[in-house]
Amino acid sequence: MSGDEVRGWLLDADYVTRGGRAVIRLWVKTESGVVRVFDDSFEPYFYCLLSGGVEDAVEALEALDLRGLEGVERKLLGSPVEMVRAVVHHPQDVPELRGRARALDSVEGVREAHVPFAIRYVIDRGLVPVGLHSFDVEERGGEFFLSDSEALETEELPELSVLAFDCEMLSDGSAPDPGKDEVVVISAATAEGTELFTAEEGEDGMIQSFLEFLDGVDPDVVVTYNGDDFDWPYLRDRAEVHDVDLDVGRDGSTPVFRDGARGNVDVRGRLNVDLYRVAERDVGGLRTKSLEDVAEHLGVVDRVDRASIDSLDVRSYWEDDGRRGELLRYAEHDAESTFGIATELLPLQLQLSRLVHRFPDDVSKMGRGRQVEWFLVSEAHEAGEVVPEPSPSEDSYAGGLVLEPKKGLHDDVVCLDFSSMYPSIMIAYNISPDTLVEGKEARELEEEEFFQAPEVEHRFRREPDGFFKRVLVELIEERRRAKAQRDAVLRGGERDGEQLRGEARLTDLRQRTLKVLANSFYGYTGWPAAAWYRQECAEATAAWGRHLIQEAVEEAEERGYEVLYGDTDSLFLKGVSDGEAEAFASDLTEMLPLELEVEAFYETIFFTGVKKRYAGVTRDGRMDVKGLEVQRGDWCDLAKEIQSRVLHMLLEGRDPEGAAELVRGTVEDLRAGNVDLEKLVIRKTLTKGFGRYKSVQAHVEAAKRLAAWGRDVSPGEKVEFVVIRGGGRLSDRSYPVEMFEEYVDGHLVTDRTASKKRVLEQSFRRKAVNRAGSSGSGARTGPEGEACDSRKYELDVGYYVEKQVVPAASRILNHFGFSDGYLMGQPRQATFEAF
DNA sequence: ATCTATGGCGAGTAAT
DNA sequence: ATTACTCGCCAT
Ligand SMILES: Nc1ncnc2c1ncn2[C@H]1C[C@H](O)[C@@H](COP(=O)(O)OP(=O)(O)OP(=O)(O)O)O1
Ligand SMILES: [Mg+2]
Ligand SMILES: [Mn+2]
């Protein structure tokens with residue numbers, strides 16, 4: 001036996017079964033390649049809480065087929081508790097044994113049986129996913145077995161090899177069906193460039209070539225865009241048709257497909273990351289999250305003029321020798337875009353992975369709440385805490401305080417805002433599920449032993465530091481550094497534009513992600529499905545927030561400043577001189593246990609008169625718009641564009657008259673039919689199945705029309721519709737824009753070849769992503785390709801004038817005496833009452 | 001099966 | 001006309 005060191009990055013962990021026993025397998029990326037390190041000394045277990053004594057429980061548990069039992073002391077929300085650790089033979093035995101243990105009278109409950117075996121190992125051994133480690137190993141039978149391990153501190157991230165892929169498949173008039181529709185192109189992109197695999201010589205061979213290529217590249221990370229729900233399961237089914245093994249695992253295994261509302265595909269030894277999931281959760285400021293949109297937003301591809309190919313048209317390109325090249329370039333471009341997005345988004349996923357103590361493929365698929373939970377699970381182990389299981393309750397609680405805004409235009413306004421308010425409150429008042437004291441115990445505490453929340457009066461021990469405080473201190477610090485980094489990039493300004501913008505975007509994404517994660521610790525305590533659910537914690541945090549902002553308001557007023565508005569942790573003040581702003585902020589930071597920051601100086605700001613809707617121009621020339629239609633994805637572009645121009649004319653040019661004329665001119669253009677249809681499309685998400693809506697909604701009716709027309713529609717999808725003239729409700733006149741082929745003279749003509757009556761076979765559905773983008777799968781012909789009559793509809797110009805453009809502009813201009821009637825084109829005097 | 005939280009606006013439907 | 005309610009999206 002020889003002792004060796006394996007030094008490298010922990011990429012993944014799983015286990016193999018040998019002789020009925022589970023052996024941990026670590027995938028470690030070293031300088032000389034990826035090495036497997038085994039550990040056969042670790043056994044799966046869970047905890048049993050006791051109803052009575054340890055002996056009773058042990059005796060009862062002995063009847064089960066357990067490998068071992070051990071009385072241990074662990075903490076439950078800070079209090080030491082005796083319990084039994086039940087060691088089992090194999091991870092697969094856990095579900096059954098947990099159930100049988102729970103059924104025993106002497107066992108009150110089971111804990112931590114849900115922690116996956118490999119994760120249990122990583123947590124218990126203090127390893128860090130994607131972290132650098134030194135493993136002492138011994139060689140046995142040509143394999144490394146671990147004898148000792150050490151996680152090494154570093155901020156550095158490993159350089160991982162990435163492969164992106166994307167599939168194109170044939171179909172007949174509806175979404176491709178993996179039972180019969182072949183994949184004809186697989187495009188792949190790596191750091192070396194792109195590679196195309198085509199089915200000219202058969203799908204079978206193409207899949208095999210792709211698999212060989214993947215094997216040769218041996219990527220650490222495989223990325224797709226919506227692959228978990230589409231490309232992967234489709235490829236699985238096609239491979240099955242040809243009896244081909246989809247052996248993409250690093251150990252030659254096929255992926256593990258887990259069923260669920262959303263797909264979950266696990267590739268052994270590699271990280272399978274579906275970037276659509278990541279973009280959906282982390283990338284902000286986009287109306288839709290299609291591959292193209294996100295790639296362009298992140299600046300990873302040049303927006304080339306490339307006709308995007310509808311998935312239903314793939315056949316026509318494929319079968320036409322003259323156009324096949326176009327299809328191939330399209331496929332190649334998709335793989336490149338996916339690869340490019342990975343380059344931008346993966347580093348943050350790797351960092352989150354370290355924080356949360358789960359591997360990046362899992363983290364990338366988790367909601368923020370579960371990320372918080374796994375973060376806590378690993379911290380809990382270190383603290384000897386067992387993961388709790390509270391009983392959920394339903395009622396909600398009061399949140400942040402929003403002040404009534406003072407309507408109108410204001411000059412020289414300072415905006416102040418507390419840094420990381422709720423997390424800082426949780427730290428300052430030691431708010432945590434394990435520091436909460438209730439009932440008799442709470443009443444008996446001495447005054448100096450606890451903090452008591454205003455209004456709601458929940459009490460928290462001052463000592464010792466709670467679980468959440470310990471965790472949040474570090475996370476807040478990490479976020480503070482990330483924000484400083486972003487600000488440094490922004491200040492560095494001016495230099496080279498393009499690269500700087502990319503850098504600013506990424507550092508901003510990082511600081512924002514950490515901020516939201518930190519705030520999610522607060523939200524998590526108020527989430528009924530959370531293991532550490534304690535509504536009192538969330539409620540107390542919000543109550544202290546209301547208290548602190550009111551303190552700040554009082555102080556501001558005492559100093560003679562006018563409070564124009566405030567939301568949760570912010571204040572907009574007028575009458576503050578330049579020197580006073582920083583002084584006010586630092587004085588409050590001294591007075592209160594939180595940091596108050598000067599967030600912006602507004603040269604001019606306009607409050608619409610309702611909460612959460614305002615716009616301002618800062619001294620450095622930045623325009624901030626909050627809540628207004630400009631920021632919303634469910635208004636047509638024309639209305640948004642006009643509102644944006646009105647705001648600029650008002651705030652930068654002080655020209656409400658000019659702005660009103662602009663609106664009137666636009667109304668004229670609209671009535672004359674001089675506006676692109678694209679600017680009139682309204683988009684709203686279909687959030688649930690048709691049958692689950694309790695009220696009639698325009699976008700839902702539009703979606704039904706789309707479905708009746710033959711297009712597969714599913715929840716999560718953005719419905720794009722326009723409004724047609726006619727009688728009845730709006731919802732009777734909302735039509736999916738996809739139905740129309742022509743727009744001339746204010747009239748829309750439906751696609752002639754479409755059939756309204758055809759019945760669509762339900763098959764694999766390419767979900768929201770694809771159709772939210774440019775490659776919607778609209779049916780062009782019925783199953784028999786029969787043509788049907790085209791129909792002509794007239795656009796409801798009046799709707800766009802009265803319900804889109806004018807309301808958006810009027811929100812601002814009514815304050816300056818312009819009535820809706822005037823904005824719509826009527827002469828001035830007729831409409832004086834509107835003021 | 002999924003889900004961090006609450007406050008808030010504005011549009012539309014349907015009942016009054 | 002008013003009002004209660006649902007829905008989607010946004011601010012924090
Ligand atoms: N996404 C969210 N989830 C839960 N709570 C939130 C969320 N966003 C904001 N809040 C709550 C908690 C915040 O501390 C508080 C004030 O919001 P905000 O000022 O935007 O963030 P912040 O104070 O945490 O960070 P910052 O340092 O950027 O101001 O509102
Ligand atoms: Mg704020
Ligand atoms: Mn804040």
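Model, not experiment: these values are computed from the prediction. Each chain gets a letter, A, B and so on, in the order the sequences are listed, and its residues count up from 1.
A close approach under 4.0 Å does occur between a side-chain nitrogen or oxygen of A:Tyr799 and OP1 or OP2 of B:dG12. Contact annotation: A:His699 side-chain N/O to C:dG8 OP1/OP2 distance is under 4.0 Å. Dashed line: the shortest gap from a side-chain N or O of A:Arg811 to OP1 or OP2 of B:dA11 is under 4.0 Å.
When the nucleotides B:dC3, C:dG8, B:dA5 are ranked by their closest atom to the side chain of A:Tyr522, B:dA5 comes out on top. With B:dG12, C:dG8, B:dC9 as the candidates, the nucleotide lying closest to the side chain of A:Lys803 is B:dG12. Between B:dC9, C:dC9, B:dT4, one nucleotide has an atom nearer to the side chain of A:Arg368 than all others, and that is B:dT4. Ranking C:dT6, C:dG8, B:dA14 by closeness to the A:Tyr693 side chain, first place goes to C:dG8.
Non-hydrogen atoms lying under 4.0 Å from DNA chain C are contributed by nothing in residues 535-549 of chain A. Proximity of residues 624-646 of chain A to DNA chain C (heavy atom under 4.0 angstrom from any strand atom) is restricted to A:Lys626, A:Gly627, A:Gln631, A:Arg632, A:Gly633, A:Asp634.
Separation of the A:Tyr735 and A:Phe721 ring centroids does not fall under the 6.0 Å cut-off.
Regarding A:Gln697, its CD atom lies at a distance of 8 Å from the C1' atom of C:dG8, rounded to whole Å.
Comparing the C1' positions of B:dT4 and C:dA11 gives a spacing of 16 Å, expressed to the nearest Å.
Contact annotation for A:Gly523: base contact, defined as any heavy-atom pair under 4.0 Å involving a base atom.
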